[in-house]
Amino acid sequence: MQNSFLNRIITELLSQTRDLSQFTIVLPGKRPVVFIKRILAEQKYSGLLPDFLTIEELIQKIAGQQQIQGIALWLFAFDVYRNIYKEDFSNFLKWFPTLLKDWDDILKFADDEREVLDYMFAEERIKNWGENLGEHTETRKRNLDFWRKMNVFLPELKKKLHEKGWATSGMIHKIARENLENFTQNTQDKLVFCGFNAFTPVEESLVRNLLQWDKAQCFFQADQYYIQDERQEAGKFLRKHLNWKEFNENRNFKWIDAEFSKPKNIKVFEVSGNITQTKVLPEIFKDIQSENLSDTAVVLLDENLLPASLDALNSVENLNITMGFPLKNLAFSNAVKHIFYIQKQLEKNTGSYYYNDILAVLEALPNEEEDAEIISKFNAEITERNMVYLSASRLQEMLGNLSYFELFQKAENALQYLDLLVKFCLELKFKNLDDIQFENISHFEKSFRIIKNQISTYTFPIKMETLEVLINNLANTETIDFKGEPLQGLQIMGLLETRLLNFKNVIMLSVNEGKLPLGNSQNTYLPFDVREKHNLHTFLENDSIYAYHFYRLIQESENVYLMYNALTSGVNTGEKSRFITQLEMESPHRIEEIIIENTSEPVDAQPIKIEKTSAVLERLEEWKKSVSASHLTGYLYDPVQFYLNYVLKTRESDEIEEELSQRNYGNLVHFSLQVLYESIKGKVLTEKDLHGLINLIDEALNISIEKLKHQPEFYQRGMNFVHKSIAKRVVENIIQQDLKLVKEGNNLEIIELEKEFENLEFFLDDDKTDSVKFRGFIDRIDRLNGTLRVIDYKTGKAKNLNLTFVARGNNKTETLLMDDKFKQALQLCIYLYYIQNQTDFLVSQVEAGIWSFAEVNSGVQVLNFNDGDLHSAMISIKNLILDILSPEKAFEEKLKADFEF
């Protein structure tokens, strides 16, 4: 690892004195300390070490105040706020964190905080004067009321914090400003400021005053490339520092180098996909060809890429990870989020549990054998019964024996529930956990204890909704730190961890606009013009800070690899960072651009082919004993799927339907019609009969829901409520169609409902030695004016019911039905063949048809044989079956191009 900048600083200090203990080295962060110590060891320094402080620690030391932040500050602030205004804590948390950041900015950068608050209130009042001219009067009134309250609340909060001896980050800067003159005049410390770029006004005053009193030295890491070019945002702050009066012929500005313009190998990778970027890393390491990877840094601008990056780098022996692993990405964190969401719903008295919330907890927690068995049964039962919502009693019945079932029961209060969670975490830690799980659970145990201790000092009630916000805040901000050897091996880090450090090889991922720089994405209640007027940082200043970090990191590098995700998805625009564009257009370097596609298309889209071995033919002989129309149409759709479903007899596992599927919608109507018409089967229908059925539709639907093993709650909301209403209308319309026939004087009699048949023999040869046995269900058989009607209900529309057979030789054996689009006709032909072979249905006139739920009022749409008859159709079906049984013809997958749409 190159540390030329830190080396120069230490060399400079040692040239002044061999006793560095008199210095206090002030740094942007703590990470460079370990490298400074190594440099001192390399230079064989044997004295006492200097003190090391971050700039924040120094400012806090000058202020002499204890900083309060995070949840402790939120609770204290709300306690102040509720004594002035009435508001729920959960609502308070929706706006206070953003306001707090704005307030800290005001205290750090503005000359007079009161002036900014007055300005915002005045601005809102001016907008309010024109309330009758616009359409957003309510919004204006809310804004006006908000800043009116803030003008009272923030001064009161500041006063109360002072009384406790506490201060926010902004208040500490404000107090430090007041103590600055006294500190700079009286301090005996010799301070060394290293590698800074942007200062707050207090930090700048501190450095300049110390320079004037000759009690400080300041070392900058700058480059001519962005210092001399006034347009270069990376040098915005350093150009300002360069003009300080403290730098003159007696005290030089140290240092401005000319490293950036030296030859570099810069490659830009346009990558299709976020995770795909990490897959490129092994190839880049081949390009680097370095045995010692300690001079290489992988910089992740998106922390979520850390797991995938570690996976891609599993062959690297030594890794040092300086960025934390986000808690929010771990299984236990996900479980905790869902646990609190469940509690929030129970607090709102929703009366039921959503199955996926329960599963998210059960699947994410480490479970021992007894619990795993209970969970397995739970999964099976909710899947079988399609239980999307579960009542409290039902959940108790199914999961009551679970060792941590208490977590799903409604909590009495927040403190009691936190105690329960602490106890649960302690029990989990004694189970067989990997290191990541143990750390994750330990972090939450500690967090639960801290939150409990903090909220127990306040008297206002804490709702579960509020506790959920607090826990989610911890999960989103906390990280698990890795232990590594920072002085050797490959360095994996975030951009801010690279400050003051230099590497020969830099690999940067997610160099996208919106990631670098962040752009205009600040969470703030202060408009851009207000921030600009009162010298608060805007996104422009933030862009300049990130620009400096970017250029400074690569200025002393030899090999630079920049990757960006070119795919547009979610908040990612697929746009490369403008810093890359600047390098391409403005820098003296030649940039090599590489495009890496991530395609999911198969290399060779050859269809799957399964030969009919003796074992397969044996299975087909078994299949012949029970053949249904759906088997045959399944073969037409995809022979390979037919093989899997009906020869191997595999099946996909059932899944819970959150929205009623088309199949179960059809079943709901089918079963309801069966329930209703069963009571009038076997008689000539009258108007009274059918009017009576209409009054029983709701009851029939409920019976059908029970038959489907669905919960009634499934149909009480959302699209499922709509589906049930449509099903009711379809059932009523079918009855109305029958009623219309009866009213018109037709003679209608229901003969059979859901008629099951099996072992219906169908011969495949003239000698009648080879046959298959048909089976099936006929939805309805009735007699209309003497004509027997075989009716099949369909959810979709009726299609292709007009059959024309073309003569082939002496027989009309056209393979018309060997086409998936004639599947409805094929099914009806098998039903007619069944009727033809039953003595119970000896009638002179028979017809078969489809009654579509999608076009109920069209009535039964009849199958027509235009040039042929049922015999011709059955020859076509026989040919299809022989095709399936043929040893020479393999089961071959139908690719998309084979399907007709």
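Just so it is clear, the structure is predicted and the values come from calculations on it, not from any experiment. In what follows, residues are counted from 1 in the order of the sequence shown. Heavy atoms only: backbone and side chains are in, while hydrogens, waters and symmetry mates are out.
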Using the side chain to side chain donor-acceptor pair (under 3.5 Å) rule, take Asn785 and Asn746 through it: C-alpha gap first, then chi angles, then the decisive distance, then the call.
CA-CA 6 Å; Asn785 298 328; Asn746 295 288; 2.8 Å; yes
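- Heavy atoms of other residues, nucleotides or ligands lying less than 6.0 angstrom from CD of Gln396 number more than 12.
- Using a distance-only test at 3.5 Å, with no hydrogens or angles considered, no donor-acceptor pair links the side chain of Glu749 to the main chain of Val684.
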Salt bridge (charged side-chain N to carboxylate O under 4.0 Å, His left out) assessment of Glu622 paired with Arg619
CA-CA 5 Å; Glu622 282 296 311; Arg619 291 286 188 97; over 6 Å; no
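- No hydrogens or angles considered: nothing links the side chains of Gln343 and Glu465 as a donor-acceptor pair under 3.5 Å.
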Check step by step if side chain to side chain donor-acceptor pair (under 3.5 Å) holds for Ser876 and Asn879.
CA-CA 5 Å; Ser876 185; Asn879 291 336; 5.6 Å; no
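- Going from atom CG of Asn720 over to atom OH of Tyr665 covers 13.0 Å, rounded to the nearest 0.5 Å.
- The shortest distance between side-chain heavy atoms of Asn864 and Leu801 does not fall below 4.5 Å.
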Take Lys773 and Glu761 through the salt bridge (charged side-chain N to carboxylate O under 4.0 Å, His left out) test and state the conclusion after the steps.
CA-CA 5 Å; Lys773 301 281 182 68; Glu761 193 163 34; 5.0 Å; no
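- Closest approach of Ala854 to Lys797, counting heavy atoms only: CB-CG, 4.1 Å.
- A distance below 6.0 Å separates the ring centres of Tyr793 and Phe853.
- The OG1 atom of Thr466 sits 10.0 Å away from the CE atom of Met464 when rounded to the nearest 0.5 Å.
- Between Glu347 and Lys344, no side-chain nitrogen of the basic residue sits less than 4.0 Å from a carboxylate oxygen of the acidic one, so the salt-bridge criterion is not met.
- No donor-acceptor distance shorter than 3.5 angstrom exists from the side chain of Glu752 to the backbone of Ile781, with no hydrogens or angles considered.
- Side-chain contact check for Gln827 and Lys794: at least one donor-acceptor pair (N or O, by modelled atom type) lies under 3.5 Å.
- The CD atom of Gln861 sits 12.5 Å away from atom CG of Asp792, with the distance rounded to the nearest 0.5 Å.
- Rounded to the nearest 0.5 angstrom, Cys829 SG and Leu870 CG are separated by 6.0 Å.
- Using a 4.5 Å cut-off on side-chain heavy atoms (C-beta onward), Phe332 and Leu365 make contact.
- Every residue two or more places apart in sequence or in another chain was checked for a ring pair (Phe, Tyr, Trp, His ring centres under 6.0 Å) with Tyr831, and none qualifies.
- In this structure, Trp851 contributes its side chain and Val856 its backbone to a donor-acceptor pair below 3.5 Å.
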For the pair Asp88 and Asn91, evaluate side chain to side chain donor-acceptor pair (under 3.5 Å) and give the outcome as yes or no after the intermediate values.
CA-CA 5 Å; Asp88 183 79; Asn91 289 329; 4.6 Å; no
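- Under the 6.0 Å cut-off for aromatic ring centres, Tyr833 and Phe762 qualify, their centroids lying closer than that.
- Residues Ile375 and Leu402 have side chains in contact (heavy-atom distance under 4.5 Å, counting atoms from C-beta outward).
- Under the ring pair (Phe, Tyr, Trp, His ring centres under 6.0 Å) criterion, Phe642 pairs with Trp623, Tyr635, Tyr646, Phe891, sequence neighbours left out.
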Going through the distances and angles, do Asp770 and Lys624 end up as a salt bridge (charged side-chain N to carboxylate O under 4.0 Å, His left out)?
CA-CA 10 Å; Asp770 189 17; Lys624 287 167 63 179; 2.5 Å; yes
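- Put simply, the side chain of Leu359 reaches to within 4.5 Å of the side chain of Phe378, judged on heavy atoms.
- With a 6.0 Å cutoff to the six-membered ring centre and a 45° limit on the axis angle, Arg780 counts as a cation-pi contact of Tyr677.
- A side-chain donor-acceptor contact under 3.5 Å links Lys612 to the backbone of Ser886.
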Salt bridge (charged side-chain N to carboxylate O under 4.0 Å, His left out), that's the test. Do Arg729 and Glu732 meet it? Break it down for me.
CA-CA 5 Å; Arg729 188 174 65 194; Glu732 185 175 350; over 6 Å; no
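- Between Phe777 and His670, the ring centre distance reaches or exceeds 6.0 Å.
- Atom OG1 of residue Thr633 and atom CG of residue Asp638 lie 12.0 Å apart, to the nearest 0.5 angstrom.
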